[in-house]
Amino acid sequence: MKNVILIGFMGVGKGSIAREVAKNSHYMTMDTDDLIESMENKKIKNIFEEEGEEYFRGLEKKVALWLEKSVTNTLISTGGGFYKQKNIKKIATIVFLDSPFDEIIKRIKKHPNAATKLKKRPLLKDLKKAKELYDLRRPEYLKLSDIVIDVTKKSALDCSKELLKKVKKYA
Ligand code: S3P
């Protein structure tokens, strides 16, 4: 099986959908932010605060090169900016999880851990700036993707079923 990579804006549900796919298929799953936190033994928020965004993007690059060289048969969830890695097309079939900005924010806010979810994402601190980032990125996500899944008002289970059906063509 070829790798599958999930891209999309912060809070769209990449992690939840990846876990659901892993539960219902033979894919193993890993997350680029989790790999970075293990590498640095530090939370993403602290890497941003102490080392800065550029340093974080360098770690994403290191992960991207390793994924291309060493990982197969895996469903990879990513941080919202990982799609900028130049070799991403070589790593996997790319699935973009799409939803309007307001729906994403609503989704985060209704989560029982909403405060934590917002706090751990430095680029979501200022919602006006986050919306600008969303508007800039959405066309880029769309352009890059092999498959688009509209996740609005769908459960992670339903999205995972749709994903498994659609990736078959690329396996
Ligand atoms: C980022 C998204 C975050 C994390 C970092 C930067 C981004 O991941 O990688 O805070 O640039 O969009 P999530 O998409 O899981 O929130």
Rounded to the nearest 0.5 Å, the NZ atom of K119 sits from the CG atom of N113 at a distance of 11.0 Å
Give, for atom CG of L67 and atom CD1 of I88, the distance between the pair rounded to the nearest 0.5 Å. 9.0 Å
In Å and rounded to the nearest 0.5 Å, what is the CD to CG distance from E60 to L65? 12.0 Å
N41 CG: over 12 foreign heavy atoms closer than 6.0 Å: no
Between L144 and I7, is a side-chain contact (heavy atoms from CB on, under 4.5 Å) present by the stated rule, with each step listed? CA-CA 9 Å; L144 196 67; I7 63 167; 4.2 Å; yes
Side-chain contact, heavy-atom cut-off 4.5 Å: I5 with Y83? no
Can you check whether T72's main-chain N or O pairs, donor with acceptor, with T74's side chain at less than 3.5 Å? yes
Not counting sequence neighbours, which residues clear side chain to side chain contact (heavy atoms under 4.5 Å, CB included) with A156? List them please. S16, I17, E20
Could you work out, with side chain to side chain contact (heavy atoms under 4.5 Å, CB included) as the rule, every residue matching K42, not counting sequence neighbours? E40, N46, I47, E50, E51
Under the side chain to side chain contact (heavy atoms under 4.5 Å, CB included) test, residues paired with N73 that sit two or more places apart: M1
May I ask you to decide whether R107 forms a salt bridge with E103, counting only side-chain N to carboxylate O separations under 4.0 Å? no
Which residue pairs satisfy the ring pair (Phe, Tyr, Trp, His ring centres under 6.0 Å) criterion with at least one member in residues 89-110, sequence neighbours excluded? F96-Y141, F101-Y134
Give me the atom names and distance for the closest heavy-atom approach of T32 to T78. OG1-CA, 3.2 Å
Can you list everything that forms a salt bridge (Lys or Arg N to Asp or Glu O under 4.0 Å) with K129? Sequence neighbours excluded, please. none
Under 4.5 Å between any side-chain heavy atoms of M10 and L133, yes or no? yes
So V148 and L97, side-chain contact (heavy atoms from CB on, under 4.5 Å) or not? Walk me through it. CA-CA 6 Å; V148 180; L97 305 181; over 6 Å; no
What are the two closest heavy atoms between G79 and D33, and how far apart are they? CA-OD2, 3.8 Å
Rounded distance [0.5 Å steps], CG in L6 versus OG1 in T93: 11.0 Å
Write down the atom of K154, the atom of C159, and the distance for their closest heavy-atom approach. CB-SG, 3.8 Å
Atom of S160, atom of N24 and distance for their closest heavy-atom approach: OG-ND2, 4.0 Å
Is the backbone of I44 close enough, under 3.5 Å, to the side chain of R121 for a donor and an acceptor to pair up by distance? no
Are M39 and W66 connected, step by step, through hydrophobic side chains (Ile, Leu, Val, Met, Phe, Trp, Tyr) whose heavy atoms are closer than 4.5 Å? yes
Residues in side chain to side chain donor-acceptor pair (under 3.5 Å) contact with D31, at least two apart in sequence or another chain: S77
Going by ring pair (Phe, Tyr, Trp, His ring centres under 6.0 Å), name the pairs with one or both residues in residues 21-53, residues two or more places apart or in two chains. F48-F56
Following the transitive rule for hydrophobic clusters with a side-chain heavy-atom cut-off under 4.5 Å over Ile, Leu, Val, Met, Phe, Trp and Tyr, establish whether L157 and V4 coincide in one cluster. no
Can you list the residues that meet the salt bridge (Lys or Arg N to Asp or Glu O under 4.0 Å) rule with D135, with sequence neighbours excluded? K131
Under 6.0 Å from the CE atom of M28, do we count more than 12 heavy atoms belonging to anything else shown? no
In Å and rounded to the nearest 0.5 Å, what is the CD to CG distance from E68 to N87? 4.5 Å
Nearest atoms (heavy-atom pairs only) where K43 meets E37: CA-OE2, 3.5 Å
For the student: nearest non-hydrogen atoms of L163 and L75, plus distance: CD2-CD1, 4.4 Å
To the nearest 0.5 Å, atom OG1 of T29 lies from atom CZ of R19 at 8.0 Å
Show me the pairs that pass salt bridge (Lys or Arg N to Asp or Glu O under 4.0 Å) and involve residues 82-97, at least two apart or across chains. K84-E140, K89-D146
Check against side-chain contact (heavy atoms from CB on, under 4.5 Å), Q85 and V63: CA-CA 10 Å; Q85 292 307 315; V63 169; over 6 Å; no
Are I149 and V95 close enough, and set up right, to give a side-chain contact (heavy atoms from CB on, under 4.5 Å), and what steps lead you there? CA-CA 7 Å; I149 298 182; V95 179; 3.9 Å; yes
Residues at least two apart in sequence or cross-chain that pass salt bridge (Lys or Arg N to Asp or Glu O under 4.0 Å) with K166, listed by chain then number, are E162
Between S145 and L142 (side chain of the first, backbone of the second, donor and acceptor by atom type, cut-off under 3.5 Å), is there such a pair? yes
By side chain to side chain donor-acceptor pair (under 3.5 Å) - contacts of R138 (at least two apart): D98
Applying side chain to side chain donor-acceptor pair (under 3.5 Å) to D34 and not counting sequence neighbours gives none
